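Please read the structure below before turning to the comments.
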Amino acid sequence: MLSKRKQVVNIIGYMDDSESVLRNLIRNEYFDLADANKELKEKIKINLDEINTLEVNSQSDDYYLDEVKRKLDSIIKLFDLKNKEYKIYDDEEYDFKVEAQKINEIYDEVVNKYNTLHKIKNEYEDLKKLNNYLLNLKDSNNFYELVNMRYVKFKCGKIIKYNMDKLKKNYENIPAIVFKIYENKDETFILVLVPNAMEIEVSRALSSLNFEEYKVDIKDFQDISEYVNALNNKIKSLKANIENLDKELLNIKNNYTNDIMKYKAHIEVEVDISKYKAHVAWINQFFFITGYFPKKKKQIIEKLLKPYSNRLIVNYCDLN
Amino acid sequence: MNNVVKFSAVNTKIQSMSGKLLKDEDYKKIISLKSTREIAAYLRDNTFYGEFFKDVDLSNIHRDELERHLKQGLISHMDKLIHYFNGNYRSFFKCFYMKYEIYDLKKAARMVHIDKSYSNLRENLVFAGKYRYIDVEAIIKAKSLAEIIYALEGTVYEPFLKNLIDGNEDESLFRFEMALDRAFFSIMEENVKKLDKRDQRAFFELYGSYIDMLNLQWIYRGKKYYNLTPEELFNYTINRGLKFNYVKIKEFCYSRDIQDFINKTKDTPYSFMFKENETQEIFMERRMNRYMYFKTKYAKQRFKLDLSVVIAYMDLIEFEIKDIISMIENVRYGMNFEETKKYLIKAI
């Protein structure tokens, strides 16, 4: 009974039009694509593998699509746009190659800015911690004397608590004196005094504890307070840079949110197309698509194929 | 929420999913096949792995591609199970994605550092960046281990890796791998602390052995091949093993030489790792995996109402996938049944 209500459409066209035709058809809810290769093999006894070896659904296309999709997903993740939606229309036209190019451009710009922002934020946070570190030194005036010691070097820095615990458990074997300056929830800030002769050994041991050393370039300053002032100025300038980059990223987000969601909807269609391509038969420079739809919806199918009607051979027949 | 409510549904689900694990007969059949394509076809037509590559043209399927589909299957399993949890338990299980991500990163590092193979990096990054932001494009472009580490700036791995860029190329891959494992267990430990005491115990009962074995393996390799100092070795070890406290670990690290170290392992449950024959190196990893295989299998069979069943099930799937990959490799090298068996985690 159901088969009497359905109709088959066979479409032959030039390969250049295949993606556009396929895109129009599969976006429509009434059209069901059938396997054209199987139809040819079973009903007309043609085995296309013996006629040509054209690899249309090639891996490189898939990888290209995967790459663009991955970039778009990264942008959506970075801008936290996953809850935004875009309604795609049946007759919506677009050029995916142009959109892919645009996605690449947005991705490069966003990732570049995001990475720069990230680096600056890290530097900003580190300098704030160094500033805090110096403020926490009980006797900062004497700290200046450490710079000029002949046989002992000093290292300022931090390690995570997990590693501080490791350091404590093996402290008797570390040839250095370690002072805890202060600590927060996750990290311990330490001052390490190392005899020059043992510097390599201690550096290796500290490195394996992921010790993050603060470079305290204090030699060019008269005293520690002058150094702290310079540090504060640097912190202010980094903060201004962060605010600028945040604004720029927000502008990109506001300007492109609609486009990004549109690209997302289109790329999903492209992914579908790449899957459906396996159901299209290819003979030299022509394609063959077959599928079925409810008889009552024939007008809709005709409308979908209209833009290409001059270049297609379309045959409608009953399903049997 | 008590453990009956928390685990009865997910354990029942696992009970039903476990029926789909490969049987001995499947292993035997796969070993008897002659090519990656035949193995892929067998998996597709006879096992639940088929659903992960049912639309794939198998005529030219390559080992890497099949491996990728299998790994995607692993993630799909995890996705199904994670929905049963929320709050701290969900965060805990999300750490397992990190475990798989680390597999990818180690593989990428090996390809770049040892094989100098840069073209297939993208295909081998199945898990990386799927669940949190990682600049995958930067990893793909990497031409050295240092560039991979730079690409991981801003990720959870950064604090564990950034000190590795010190120009010591010989040791860097070894230290990179150790640092990633340490990152995993350090983050895992933070998450485990937020679970109920009973589940914390269940976790360390299972994974404690794995931590012990990893520590022994690292100390062995660090001493034998990389000449790391005892202080470095100790710092790289992972906390919270099952059998060894830090005093014992220190004892291993400060062994006089390799022989002294191996002698010290002889009265531990892990003496099987060091057979002191020519198979010691080749099969060390497999021996560790097989020990864990029996432990996880036992944990799953006990069917306790704690997180051990879920972890055990995920590990069993992982071991099975590793075995399939081994079997594909062995088929490629034309090994016979008896020879192939030696490389498998599951005893058949």
Side-chain angles (χ1 to χ4, degrees), chain A residues 49 55 57-59 62-63 66-67 70-71 73-78 80 104 107-108 111-112 114-115 117-119 121-122 157-163 165-176 186-187 200-213 274-276 278-279, chain B residues 55-57 59-60 62 65 122-123 125 128-138 140 150-151 153-155 157-166 168 171 175 178-179 182-183 185-187 189-190 222 228-240 245-247 249-250 253-254:
Chain A
D49 294 343
E55 281 188 38
N57 192 12
S58 66
Q59 273 201 330
D62 286 349
Y63 286 141
D66 276 354
E67 189 185 329
R70 200 198 293 242
K71 286 182 177 177
D73 287 343
S74 294
I75 299 170
I76 289 170
K77 220 181 258 183
L78 287 173
D80 196 18
N104 282 332
Y107 177 84
D108 288 344
V111 167
N112 193 12
Y114 182 85
N115 286 342
L117 176 67
H118 184 75
K119 270 182 198 155
K121 270 187 176 168
N122 274 353
K158 63 169 184 183
I159 54 177
I160 56 171
K161 289 219 166 151
Y162 181 91
N163 286 329
D165 187 44
K166 272 266 155 74
L167 179 63
K168 279 184 194 166
K169 284 172 178 164
N170 201 26
Y171 187 52
E172 74 275 18
N173 290 311
I174 307 286
D186 305 313
E187 299 154 322
I200 294 171
E201 289 78 359
V202 172
S203 292
R204 286 190 69 156
L206 288 175
S207 175
S208 61
L209 289 168
N210 301 316
F211 173 70
E212 197 178 313
E213 187 172 355
S274 75
K275 284 182 197 156
Y276 285 121
H279 288 163
Chain B
D55 296 325
V56 176
D57 175 15
S59 52
N60 290 313
H62 193 265
E65 195 188 344
R122 185 187 300 283
E123 292 90 303
L125 294 176
K130 282 261 190 284
Y131 296 92
R132 71 173 81 77
Y133 175 71
I134 280 188
D135 191 354
V136 174
E137 296 301 316
I140 289 163
Y150 285 128
E153 262 184 11
T155 68
Y157 307 110
E158 186 189 354
F160 295 88
L161 294 174
K162 64 178 164 194
N163 281 4
L164 300 187
I165 307 169
D166 57 3
N168 193 340
E171 291 170 11
R175 291 190 295 157
M178 280 204 299
R182 201 158 55 127
F185 281 105
S186 159
I187 291 163
E189 197 182 334
E190 285 306 309
L228 294 192
T229 64
E231 291 77 31
E232 283 176 293
L233 285 173
F234 179 73
N235 291 341
Y236 281 125
T237 55
I238 301 160
N239 293 344
R240 303 288 302 265
N245 59 16
Y246 83 90
V247 179
I249 293 278
K250 261 170 91 170
C253 294
Y254 283 88

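Residue numbering restarts at 1 for every chain, and letters A, B, ... go by the order of the sequence lines. Everything quoted here is computed from the prediction, not taken from an experiment. Only this structure's heavy atoms are used, side chains among them; waters, hydrogens and symmetry mates stay out.
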Heavy-atom cut-off 4.5 Å, strictly under: side chain, backbone, both or neither for [X] against chain B?
{"X": "A:Asn170", "value": "both"}
{"X": "A:Asp165", "value": "side chain"}
{"X": "A:Ile160", "value": "side chain"}
{"X": "A:Lys121", "value": "neither"}

How many angstroms lie between [atom1] in [X] and [atom2] in [Y], if you round to the nearest 0.5 Å?
{"X": "A:Glu201", "Y": "B:Glu232", "atom1": "CD", "atom2": "CD", "value": "10.0 Å"}
{"X": "A:Asn173", "Y": "B:Tyr254", "atom1": "CG", "atom2": "OH", "value": "3.0 Å"}
{"X": "A:Lys166", "Y": "B:Thr237", "atom1": "NZ", "atom2": "OG1", "value": "3.5 Å"}

Looking only at atom types and distance, does a side-chain atom of [X] sit under 3.5 Å from a main-chain N or O of [Y], one as donor and one as acceptor?
{"X": "A:Asn210", "Y": "B:Asn163", "answer": "no"}
{"X": "A:Lys71", "Y": "B:Glu137", "answer": "no"}
{"X": "B:Asn235", "Y": "A:Ala205", "answer": "yes"}

(Q) Counting neighbours of NZ on A:Lys119 that are heavy atoms of other residues, nucleotides or ligands and sit closer than 6.0 Å, is the number greater than 12? (A)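 Open: at most 12 neighbouring heavy atoms sit under 6.0 Å from NZ of A:Lys119.
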Q: Tell me, yes or no, whether the heavy-atom count around B:Tyr150 atom OH, taken from other residues, nucleotides or ligands under 6.0 Å, exceeds 12.
A: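 Incorrect, the count does not exceed 12.
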Q) Do A:Val202 and B:Glu231 touch side chain to side chain, with heavy atoms closer than 4.5 Å? A)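 Not touching, per the 4.5 Å side-chain cut-off.
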Q.
Quick check: do A:Tyr162 and B:Glu190 have side-chain heavy atoms less than 4.5 Å from each other?
A.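 Counting from C-beta outward, A:Tyr162 and B:Glu190 never come under 4.5 Å.
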Q. Are B:Arg182 and A:Asn163 linked by a side-chain donor-acceptor pair shorter than 3.5 Å?
A.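 Yes.
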Q: Determine the option with the most heavy-atom pairs under 4.5 angstrom with chain A, choosing from B:Cys253, B:Pro230, B:Ser186.
A: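 Option with the top pair count is B:Ser186.
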Q. What residue, out of B:Asn239, B:Thr229, B:Leu233, B:Ile140, has the most heavy-atom pairs lying under 4.5 Å from chain A?
A.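 Option with the greatest count: B:Asn239.
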Which bit of [X] is near chain A, if near means a heavy-atom gap under 4.5 Å: side chain, backbone, both or neither?
{"X": "B:Tyr246", "answer": "side chain"}
{"X": "B:Ile238", "answer": "both"}
{"X": "B:Glu158", "answer": "side chain"}

